[in-house]
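Please read the structure below before turning to the comments.
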Amino acid sequence: MSWLSVLAGNPGRAIALLVLLVLAPLPVAAEAGSVTLGVLGYRPDPLVMAKYQPLADYLSRETGRDITIRVLAQEEMDRAVASNRIDFFLTNPAHFLMIRSERSLTGVLATLQRDWNGITTGSIGGVIIARAGRSDIQALEDLRGKSIATPGLHYLGGYQAQALELQTAGLDIRRDNRIIYLGNHDRVVRAVLAGDTDIGFIRTGVLEELLQEDPGLETALKVINAQNLRGYPFRLSTRLYPEWPLVSLPHVDSRTIRQIASALFALEPDDPAAVAAGLASFAPPADYQSVEHLTRSLRLPPYDQVPQVTWLDVLHQYRLWVAVVTVLVLLLLATSIWLGRKKRQLSRESRRLQELVASWPQPMLMIRGRALSDCNRAAVELLECRSAADMLGQPLERFSPEVQPDGQDSARKLAGLLQRVQVGDVAQSEWLFGREDGSHVWVDMTLAPVYENDDDTPSVLCSWYNITRRKQAEERQRLALKVFENAREAIFITDAHGVVIDTNEAYFLITGWDRNTAIGRLPPLPVDEGSSILVAARKHGVWSGEFASRNRDGRRLILSLTLSSVVDEQGEKSHFVGVFSDITRLKETEKKLRTMAHYDALTNLPNRVLFAERLQQAMAQARRQDYRLAVLYIDLDKFKPVNDAFGHDAGDQLLVEVARRLRTVLREEDTLARLGGDEFAAMYQAKNTGRNGYCGFSGTGS
Amino acid sequence: MHRRRFLQLSLAAGLAASLPGCGRGDPLRVGIHPWIGYEPLYLAEEFGWLPDTVQLVKGSAARDSMSGLLSGQLDAAALTLDEALRVCSTGVDLRLVAVTNVSVGADMLLVRPDITAIEQLKGRAVGVELNGVSGVMLLHLLERAGLTTGDISVVDIPVDQHLEAWNNGLIDASVCYQPVAARLEQAGAVSLFDSRELPDTIFDVLAVTHRAEGRQPGPIKDLVAGHFAGYRYLVRNLHDAVYRIATRQGMAPELIRQALATVMLPDLAANQRYLAKNGTIETTAIRLAGLLEREGLMDKHPEHERIASQQFLPRRAE
């Protein structure tokens with residue numbers, strides 16, 4: 001009747017239905033007056049049919065309609081519902097939810113009540129069975145990894161109720177267990193009994209029904225997680241849910257629904273129809289939200305789709321959090337930008353500072369522990385290293401000679417300095433470095449503590465000042481002083497007026513004036529020229545000469561003096577430096593030598609050289625003054641026999657006596673000389689004397 | 001079934017101060033006794049929805065919870081509103097953090113069939129447990145009829161002795177509740193008045209001590225959340241819950257279903273309303289305290305600026 005109206009209302013669907021009808025030419029259920037009630041075949045079809053036939057008979061009797069029962073498996077019922085070939089159906093709540101999600105229904109007319117041994121219940125649950133002999137299966141946890149037989153996914157008592165209990169106990173059977181779908185409960189029980197599977201899932205009541213047929217099952221099977229609820233007539237392993245709903249399809253007219261419903265509610269528990277089906281009665285529809293919640297919890301169809309959560313939903317639900325997080329993120333961003341800018345600024349500053357230190361003309365270094373940790377360019381250049389890398393990490397004594405000029409060991413001296421710095425002092429020391437090429441550098445080294453990063457032991461800032469030139473100047477000065485002090489010549493320094501301001505040791509030895517008494521006096525000067533030599537020295541820069549002087553004790557001296565003027569920075573002659581030596585003895589020797597060259601050593605008479613010299617002079621004078629000269633040549637005869645007879649000493653005495661006698665007869669101005677051997681010569685100057693001169697001479701010859 | 005018997009516990013109150021306090025790590029000890037309105041908490045415990053921070057201390061009647069509160073053994077308890085007020089009046093200040101149920105027919109007046117109006121109680125013997133919630137019920141219904149306790153003959157006996165007294169003809173009327181009421185009805189009593197006619201008057205609440213409120217706010221929230229988790233299960237999975245309650249109470253599931261019908265379990269939104277400032281709980285508490293004091297059933301009026309608190313309720317249902 002009503003599916004025709006569906007055809008009229010929905011042509012597309014009608015075509016689909018027609019195709020279905022052609023393919024499966026089953027009789028259409030809803031003939032005029034007749035009503036088809038589909039019942040889920042949860043147990044073998046004949047059994048279910050036998051149980052529900054009395055109900056059909058009862059309903060036929062009460063409503064005056066032809067009520068037929070059709071026992072359908074779940075898929076068959078789905079198809080029958082889709083094609084409107086049944087008018088009412090009675091199925092388990094989980095299956096009902098599936099059907100309801102796929103097509104619109106009028107709602108639940110009534111909920112089944114079952115009766116068992118006089119106890120009525122409208123609740124259904126699941127039973128977990130195993131063979132009684134399986135001692136390894138006692139509690140829910142023991143089901144992990146076991147094989148499971150079940151009628152199907154869309155059975156409340158045959159799968160879903162158990163699945164929830166196991167999920168609560170922490171077992172995901174769909175992931176961890178092998179599950180076999182057998183279509184109805186009897187097959188499940190058989191599979192467990194036969195040992196095909198370890199575990200069976202069945203709905204409440206089935207086990208009791210089977211026990212009636214075969215009491216032996218009581219000892220063959222056991223129930224896991226038994227609940228033992230008071231007032232509940234069946235064995236149970238899970239929570240309870242409302243029993244099967246009776247549902248009408250939308251095409252059934254309301255009069256039929258009313259008739260059926262009133263007949264169902266009027267069914268008394270003691271009616272044969274009820275007794276046969278094991279039904280107590282039908283109660284007003286129960287609330288199936290617990291089943292919905294169960295299916296949702298298990299994510300099973302029709303609730304297997306995870307709802308699509310959009311950003312707007314999240315935004316709506318977590319508005320406050322989103323706002324807070326946004327604000328925090330913005331704050332974080334702002335802080336990051338600010339920090340980044342600060343960091344750049346800081347790194348710029350630090351780079352500038354580093355440049356400054358690196359290019360600072362004075363060498364600077366950092367020492368951490370004992371090794372160099374940082375140094376600037378000037379330090380590298382000072383030690384003439386190739387790069388800073390050659391220096392970093394090395395101890396400072398590595399660049400020093402083993403022993404410092406003051407005699408201390410370099411490493412030990414440095415350790416002492418660093419120790420002083422480590423307790424907070426600033427240390428200063430002169431230090432000698434050796435370069436690779438062997439040259440040395442003197443520095444004035446200052447060490448100061450630097451506290452970084454809250455370390456207990458400070459780093460050491462080390463700065464050098466190159467004092468090599470100063471050291472060299474000092475050396476020169478020291479040498480000059482030594483020369484001044486130790487020279488054998490006397491040295492004096494006077495001011496511009498010739499007054500002595502410094503003297504050396506030799507000055508005292510020569511003049512007898514020690515430093516203290518000499519200062520403030522005049523130096524020894526030539527008697528006749530005096531201080532005029534200062535004028536000469538000032539004029540020509542130097543004066544030198546020999547002169548006679550006396551020392552402090554009055555002894556005669558002959559000094560050889562060189563006096564130099566010293567020019568100051570302005571070009572003015574500010575000082576005089578005099579160097580003199582005592583040449584008194586030199587002069588005496590000179591005189592002695594001269595005597596030896598001109599006189600005969602035996603007789604002290606002029607020798608041939610002096611005689612010739614004087615003769616020359618006398619001849620020149622005589623010519624000039626027009627007087628005459630007489631030259632006598634005297635030879636002693638028979639001198640050789642005297643020598644041979646009396647010896648050389650006697651010969652010499654004779655010669656000396658001859659010389660004395662000759663001398664006595666000659667005048668002072670006449671010259672007598674010994675020419676050699678026994679030969680003498682005499683020169684007689686005849687100034688205004690005439691001939692008398694010769695007289696004296698003749699007397700001697702006797 | 002002595003859920004609402006009250007004992008004079010002033011002595012115990014004196015002890016409370018001297019007991020050592022609980023540490024921060026200790027669980028919140030909650031006194032509870034069998035009553036249909038407290039079933040959500042039992043369910044929560046059974047399903048493991050109460051964390052370790054909450055420990056249910058199960059007594060047989062309200063007096064166990066009250067003495068526990070007064071002696072300091074308990075930090076919280078499930079009680080009727082008047083019981084909570086009496087504990088407050090004996091020195092232990094309580095804060096009401098949840099309403100577990102409102103009586104909608106659970107408490108009733110059963111009379112001999114010849115009495116057809118409350119006014120006819122004048123001069124008759126009425127069995128009542130004055131120190132329990134029945135006392136409050138009696139005061140309310142007498143007030144409704146314009147009578148006082150002086151107009152009737154009050155027979156103050158525990159509720160579990162009412163049937164015997166009825167059968168012996170000692171009382172003509174009984175103020176009682178299930179399941180005594182059912183037995184009296186079987187003995188021929190008829191219901192003349194029940195708490196449905198006193199809407200929003202007889203409450204059961206979760207009460208915590210001020211001390212626990214200050215020191216264990218987290219566990220109190222856990223307790224209230226546990227109650228609502230059990231409540232949701234009771235509402236949603238009624239089919240299962242009925243059998244579990246029946247198993248625990250040792251009664252037929254059908255009786256549990258009937259008992260559940262006589263109480264209204266307020267949901268979260270209703271709790272928010274009840275516990276609001278100057279809401280039903282506070283106004284009822286003030287009125288009730290006045291009544292109890294007037295009738296000499298309570299020593300002194302507890303001084304509270306606020307007795308109820310919403311702050312421990314969960315933010316959202318689920």
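Note on naming: letters A, B, ... go to the chains in the order of the sequence lines (proteins, then strands), and numbering restarts at 1 for each one. Predicted, not measured: the structure shown is a model, and the values here were computed from it.
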Could you give the distance from CG (B/Asp240) to CG (A/Leu229), rounded to the nearest 0.5 Å? 6.5 Å
Just how far is it from atom OG1 of B/Thr247 to atom CD of A/Gln227, taken to the nearest 0.5 Å? 9.0 Å
Decide whether A/Arg230 and B/Gln249 meet the rule of one side-chain donor and one side-chain acceptor closer than 3.5 Å. no
Where on A/Thr168 is there a heavy atom nearer than 4.5 Å to chain B: the side chain, the backbone, both, or neither? neither
Enclosure of [X] [atom1] (heavy-atom neighbours >12, cutoff 6.0 Å):
{"X": "A/Asp304", "atom1": "CG", "result": "yes"}
{"X": "A/Lys146", "atom1": "NZ", "result": "yes"}
{"X": "A/Tyr318", "atom1": "OH", "result": "no"}
{"X": "A/Arg174", "atom1": "CZ", "result": "yes"}
{"X": "B/Glu164", "atom1": "CD", "result": "no"}

Keeping B/His239 on the side-chain end and A/Ile124 on the backbone end, is there a donor-acceptor pair under 3.5 Å? no
Should A/Asp287 and B/Val235 count as side-chain neighbours, where that means a heavy-atom distance under 4.5 Å? no
Are B/Tyr243 and A/Leu236 packed together at the side-chain level, in the sense that at least one heavy-atom pair is separated by less than 4.5 angstrom? no
